[in-house]
Trainee: 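Below is a structure I'd like to ask you about.
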4 protein chains.
Amino acid sequence: MLHFDSDYMEGAHPAIMERLMDTNMEQTSGYGTDEYCDSAKKKIKRACNAPEAEVFFLMGGTQTNRVAIDGILRVYEGVLAAECGHISVHESGAIEAGGHKVLTLPHEKGKLKAKTVEDYLEQFYQDANWPHMVIPGMLYVTHPTEYGAIYTKAELEGLHEVCQKYNIPMYIDGARLGYGLAAENTDVTLSDIAECCEAFYIGGTKVGALFGEALVFTKPKLVSHFFTTIKQHGGLLAKGRLLGLQFDTLFSDDLYIKISRNAIEKALELKAGLKEKGYELFFESPTNQQFLIMENKKIEELKEKVSFGFWEVYDEKHTVVRIATGWATESTDIRALLKLL
Amino acid sequence: MLHFDSDYMEGAHPAIMERLMDTNMEQTSGYGTDEYCDSAKKKIKRACNAPEAEVFFLMGGTQTNRVAIDGILRVYEGVLAAECGHISVHESGAIEAGGHKVLTLPHEKGKLKAKTVEDYLEQFYQDANWPHMVIPGMLYVTHPTEYGAIYTKAELEGLHEVCQKYNIPMYIDGARLGYGLAAENTDVTLSDIAECCEAFYIGGTKVGALFGEALVFTKPKLVSHFFTTIKQHGGLLAKGRLLGLQFDTLFSDDLYIKISRNAIEKALELKAGLKEKGYELFFESPTNQQFLIMENKKIEELKEKVSFGFWEVYDEKHTVVRIATGWATESTDIRALLKLL
Amino acid sequence: MLHFDSDYMEGAHPAIMERLMDTNMEQTSGYGTDEYCDSAKKKIKRACNAPEAEVFFLMGGTQTNRVAIDGILRVYEGVLAAECGHISVHESGAIEAGGHKVLTLPHEKGKLKAKTVEDYLEQFYQDANWPHMVIPGMLYVTHPTEYGAIYTKAELEGLHEVCQKYNIPMYIDGARLGYGLAAENTDVTLSDIAECCEAFYIGGTKVGALFGEALVFTKPKLVSHFFTTIKQHGGLLAKGRLLGLQFDTLFSDDLYIKISRNAIEKALELKAGLKEKGYELFFESPTNQQFLIMENKKIEELKEKVSFGFWEVYDEKHTVVRIATGWATESTDIRALLKLL
Amino acid sequence: MLHFDSDYMEGAHPAIMERLMDTNMEQTSGYGTDEYCDSAKKKIKRACNAPEAEVFFLMGGTQTNRVAIDGILRVYEGVLAAECGHISVHESGAIEAGGHKVLTLPHEKGKLKAKTVEDYLEQFYQDANWPHMVIPGMLYVTHPTEYGAIYTKAELEGLHEVCQKYNIPMYIDGARLGYGLAAENTDVTLSDIAECCEAFYIGGTKVGALFGEALVFTKPKLVSHFFTTIKQHGGLLAKGRLLGLQFDTLFSDDLYIKISRNAIEKALELKAGLKEKGYELFFESPTNQQFLIMENKKIEELKEKVSFGFWEVYDEKHTVVRIATGWATESTDIRALLKLL
């Protein structure tokens, strides 16, 4: 059985496991106050070219989104996001549970246009009834998006300009950030990300860590007492060093980018093979998630031999399926998959 | 200056004011435990033909929606509503502030189709990811809708059947319920309303009261400790009798329906006059809110002489405007308005 | 049957009722944007000697406390209050429902000492674990207290100094503020109140209004988008003018103080009579709530003839009862009561 | 430098690390739907002698408490707990952030008496104002307590009887449950725990796991849609098998109890040594947390050589300090410590 369901099916990159083993019996202080966390934070700030940034480690994506958004927004504010945004659809209402509405916008493969955001904000304040509505308090963007699409640097800057014009912070959900930074033909670097938003997170769970996300506030003073906010949300890991050790490893010798690149290379191998076999791609995804249009008959036929994601109904006889490569995917896996398709 | 902005511009019906004056120096116990509240509740239950119902008085529509929905839903649940639903758009995120997502559905002039709701629920539970999503825990319907449209009895029953099939309560926001019950050609009575939902409220604020809404739970045990839930939300009026007195008056001698009928009659007079003058109606509203398509030039011309609501842009040169009649509108007002149009 | 249960058993002062009658059929814009609200706000700011203040009208005490505290605090903060504080005991957990802990302090008859507050804050930040605890974000004080006790001007200033030292706002719950300002021997004026806190409210419900409280933010910019916050909490009255009219009346010709004084005078008559009859007061209350120690036998004997509040068990044979006078109490009521005691 | 600050300073028990290494490159489905989780749940239910129980894995103690309590309580309810209860003091207001008040009770070394709880509940419903107060909706108990004290079986049964009488669930926070079950002279077994409450959790973080707690609902149907509730709170681990693997290991060959016993043995060695040296214990703790009264001078002297917790001020010259042993403590550590004391 082959598995291409997602990029979080294995444990962690071997270098991380080795590090956890080596340090296992060390005694450190708790809650992220240890030296491994310090070291990891320094490396991340350097990689982001953001010496003033503040870095916090959390355990998963939904948790990071909820805690960050609850920390940033005031009681009367909501968060702008694409209709398909993870916070809007697949987090069981975590943002609303924190008291905030997700204000949804139309998108293309998960990407928002600066104009869409600007029009919303402009029309919002033109509506005489706006004080009876939820005040848009921040912008949530995913990079790569839920569809694996990526923004260009100019597009991110365009969104950020709109945010600055309306004085709201921009937040980037980077659950798969590595795969975006390693994508073919991208012109977006990690320091570009840090420069064009007020907060973002570097996904570990889907990019080689056992678990963990590094939340970066790029400018000081956006939030205060954030340690307490994390604790209150049940997001503070007692043995915080586990997060520090993982990110310290990922941000040594460019490991984060190197393993992300592997996923992209494997996706390219897959894409080439698919085209050769005459498969139609749902769209040209530049990252590790590939979407193809498959006959339902074929899906039925494959189901004992390979697992992948069902994305959406395409037409009566076809379904869009998602094949995810990852940091751990090998060329032999791709060849075995292509043989079956 | 003529005012047709809304149906809550005056104070209360004179019969209510008289009653408040007559009883002003009486001493009663607080928080709705007085005999006027008791009497009003009895009259409402009788008018609803729902002897088992429980009635609570609240102060306004947004408050009633928030408290009712918070009382009904569990932490993991959201509320289904039309995209234009008042709870979704014009309550400043009150429902989300209570922790619940508003799950929006397409509509026609604010009306939901049973099929729309059923399809949503069916597809929801077919999606393998549903446990990662907000569980639809109740249905919110407005009657009349935000556009002044009304359901037929069969349509309400159809919606209720879907709710029963999925075991979720149906809740009707009756901010303007009187105007729906008094609408021409409606086949929906108050006891029909009570029969085809688990909870609804009878709007007072927009139908002749100073303020106040009567929330009716049609079957026992849907919620418990609701008094405490109201108090917690800041919705408990110390001098609760003010609400009891108003609803007792409205439900004596059919006053609630009688004054609602006045608004409908005035709307019909208006509609006849508008058609005569060649105005195009945005749609055929059967209730007290009339929407017409007006040239922007004309709007500009009128603005010193008459006020009404701007609903939405129609095209470059036209706007949809709302003219609301109410329990207090007189034929002379309509004639004066028509003279200006 | 005589009633001394509370100070909100009657309707409103006749001057208010008259005003509501006179203006009943006027048409005004909604949500507090009318001229009566404007006028009332101006009069209140003048009476407070606080031209920069912002005034908002709400419908009741619990609502005002919840909305104000939710508007002021951040997600990681709690509110300091006396253990017997209304928000801590008798609001059904409204503050916690908004996400904030009430951090309770020992008190004397509801009064907090500056030293108690200062010690708490000092020790809080000395505890190495403070980031794992709720950050004290504001101070809640009642004047008069739940026991009818009042602060001196120096005491309020002392509390405010501590708050300023720790940079947290001070908020005064003035549900019965009038009775505090009219108390014998008080040296606290309304402008003193406004000067020594960042927010407070002037209670209407218990001091002559049908309902309503005037929330005053004494300095600009403590909260933003507060109109939206009120709406979200279900605290925005559609016919907002009802609140404006009531407070405009109360703040014309010193009516608020005059009717408060009546309650104090009646309380003094009561107190004199009680002492004459040999009753022991629970403590020397300077305001309209009088607490006396009564034999349970006597309570039993009176229960068909007079109603009042049961405060707490004193000993096996005695109970502390509360007798509340109010703006509407007359000397004949007091004499009738004394005859029975 | 010796460290006795807490029982979560090291990583995980070597058997767990080995297991994580061995399975690292396996691919499993996410969110706890894998076979390791299944296996662990079966073992836990067997160990609890509770075949009908439902088990959920979460990442930390505060998270588990918050999600469990939010899942159990209704909007109008609060949770009864000791004044020193972890949820009341050291979780940054997590319970209140979920909307629920912590109703605190007096205690002895963290232990509640059945009578204390019963008196509270009885008096609560005798107070005529109870509907204006927070309804006590569940009981929170820690075993061992924050002070390391433990209940007897009879005491737990007594508390449970009161809960049953008032129809509220009893929940046991077992952050250090292993150390309670392994305590000298305890008569409480794991199946006793399961029998005398509706929900409890088996702490992993402090008893040999890298992280993780196993939440057990002892009877079916206490909560529904709990998976969704966990996700909403950001408590769902993508690679859920990490939790399954750890608990599967801890519940194989009695490892959980064996390593807990080690901590108790080391605590006994410490206690014996302390007594020999004339130290006064703050109280006779039967578990892995030992509290002694130490001269401040001595604390100062030791601070470069050993770290431990400062519990509370004892008198001007003395402080209560906490020394925690754990699953990883060795006799050589104890001897080294005793040499310094």
Side-chain angles (χ1 to χ4, degrees), chain A residues 1-6 8-14 16-18 20-21 23-30 58-67 70 90-98 205-206 209-211 225 227-239 241-242 245 307 328, chain D residues 1-6 8-14 16-18 20-21 23-30 58-67 70 90-98 205-206 209-211 225 227-239 241-242 245 307 328:
Chain A
M1 185 78 171
L2 292 168
H3 295 290
F4 288 90
D5 311 47
S6 76
Y8 47 93
M9 302 191 78
E10 294 88 1
H13 188 276
I16 284 175
M17 293 309 289
E18 207 176 300
L20 291 177
M21 284 300 272
T23 58
N24 187 50
M25 295 309 291
E26 284 182 20
Q27 291 180 309
T28 58
S29 63
L58 289 115
M59 290 181 271
T62 295
Q63 184 181 89
T64 305
N65 287 334
R66 177 162 180 184
V67 182
D70 268 9
H90 286 119
E91 301 192 352
S92 298
I95 306 310
E96 291 83 2
T205 297
K206 289 166 178 166
L210 277 180
F211 61 90
H225 292 291
F227 180 96
T228 301
T229 301
I230 295 174
K231 174 83 176 192
Q232 185 190 71
H233 284 75
L236 199 63
L237 189 63
K239 302 179 186 178
R241 75 185 195 201
L242 300 175
L245 276 160
S307 66
Chain D
M1 185 80 171
L2 291 168
H3 294 289
F4 288 90
D5 311 48
S6 76
Y8 46 94
M9 302 192 79
E10 293 88 2
H13 188 276
I16 284 176
M17 293 309 288
E18 208 176 299
L20 292 177
M21 284 300 271
T23 59
N24 187 50
M25 295 309 290
E26 283 181 21
Q27 292 181 307
T28 57
S29 63
L58 288 116
M59 291 181 271
T62 296
Q63 184 182 89
T64 305
N65 287 335
R66 177 162 180 184
V67 182
D70 268 9
H90 285 120
E91 301 192 351
S92 298
I95 305 311
E96 291 84 2
T205 298
K206 289 166 178 165
L210 277 180
F211 60 90
H225 292 292
F227 179 96
T228 302
T229 302
I230 295 174
K231 174 82 176 193
Q232 185 189 72
H233 284 74
L236 198 63
L237 189 62
K239 302 179 185 178
R241 77 185 195 200
L242 300 175
L245 277 160
S307 66

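As a basis for the values below, the full set of heavy atoms in this structure was taken, side chains included, without hydrogen atoms, waters or symmetry mates. Reminder, nothing fancy here: chain letters follow the sequence lines and each chain counts from 1.
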Trainee: Can you tell which part of A:Leu20 gets under 4.5 Å to a heavy atom of chain D, answering side chain, backbone, both or neither?
Mentor: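 Both parts, heavy atoms under 4.5 Å.
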Trainee: Pick whichever of D:Thr205, D:Leu237, D:Leu210 has the most heavy-atom pairs under 4.5 Å with chain A.
Mentor: D:Leu210
Trainee: Among A:Ala97, A:Ala328, A:Ala238, A:Ala12, which residue forms the greatest number of heavy-atom pairs with chain D at distances under 4.5 Å?
Mentor: A:Ala12
Trainee: Would a 4.5 Å heavy-atom cut-off, applied to side chains only, mark A:Glu91 and A:Arg66 as touching?
Mentor: no
Trainee: Measure the NZ-CG distance between A:Lys239 and A:Asn24 for me, rounded to the nearest 0.5 Å.
Mentor: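 Going from NZ on A:Lys239 over to CG on A:Asn24, the span is 8.5 Å.
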Trainee: Heavy-atom pairs under 4.5 Å with chain D are the metric here; pick the option from A:Glu10, A:Gln63, A:Met25 that has the most.
Mentor: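 Counting heavy-atom pairs under 4.5 Å, the top option is A:Glu10.
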Trainee: In terms of heavy-atom proximity below 4.5 Å to chain A, should D:Leu242 be classed as side chain, backbone, both, or neither?
Mentor: side chain
Trainee: Out of A:His233, A:His225, A:Met1, A:Lys206, which one racks up the most heavy-atom pairs below 4.5 Å with chain D?
Mentor: A:His233
Trainee: Locate the shortest heavy-atom distance separating D:Thr23 from D:Leu245; write the atom from each residue and the value.
Mentor: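 For D:Thr23 versus D:Leu245, the nearest heavy atoms are OG1-CD1, 3.3 Å.
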Trainee: What residue in D:Ser92, D:Ser6, D:Pro14 has the most heavy-atom pairs under 4.5 Å with chain A?
Mentor: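 Max contact count across the listed options: D:Ser92.
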Trainee: Which residues pass the salt bridge (Lys or Arg N to Asp or Glu O under 4.0 Å) test with D:Glu96, sequence neighbours left out?
Mentor: C:Lys101
Trainee: Working to the nearest 0.5 Å, report the span between OG of D:Ser307 and CD of A:Gln27.
Mentor: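 Nearest 0.5 Å value for the OG-CD distance: 7.5 Å.
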Trainee: Tell me, for A:His90 versus chain D, whether the close heavy atoms (under 4.5 Å) come from the side chain, the backbone, both or neither.
Mentor: backbone
Trainee: If I measure from the heavy atoms of chain D, does A:Asp5 come under 4.5 Å with its side chain, its backbone, both, or neither?
Mentor: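 Interface part for A:Asp5: neither.
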Trainee: Do D:Thr62 and A:Leu236 have side chains that approach each other closer than 4.5 Å (heavy atoms only, starting at C-beta)?
Mentor: no
Trainee: Using a cut-off of under 4.5 Å for heavy-atom pairs, which of A:Gly235, A:Gly93, A:Gly61, A:Gly234 has the most such pairs with chain D?
Mentor: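 Of the candidates given, the most pairs with chain D belong to A:Gly234.
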Trainee: Kindly write out the residues that satisfy ring-ring contact (aromatic ring centres under 6.0 Å, His included) with A:Phe4, not counting sequence neighbours, or none if the list is empty.
Mentor: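 So A:Phe4 forms no ring-ring contact (aromatic ring centres under 6.0 Å, His included) with any residue.
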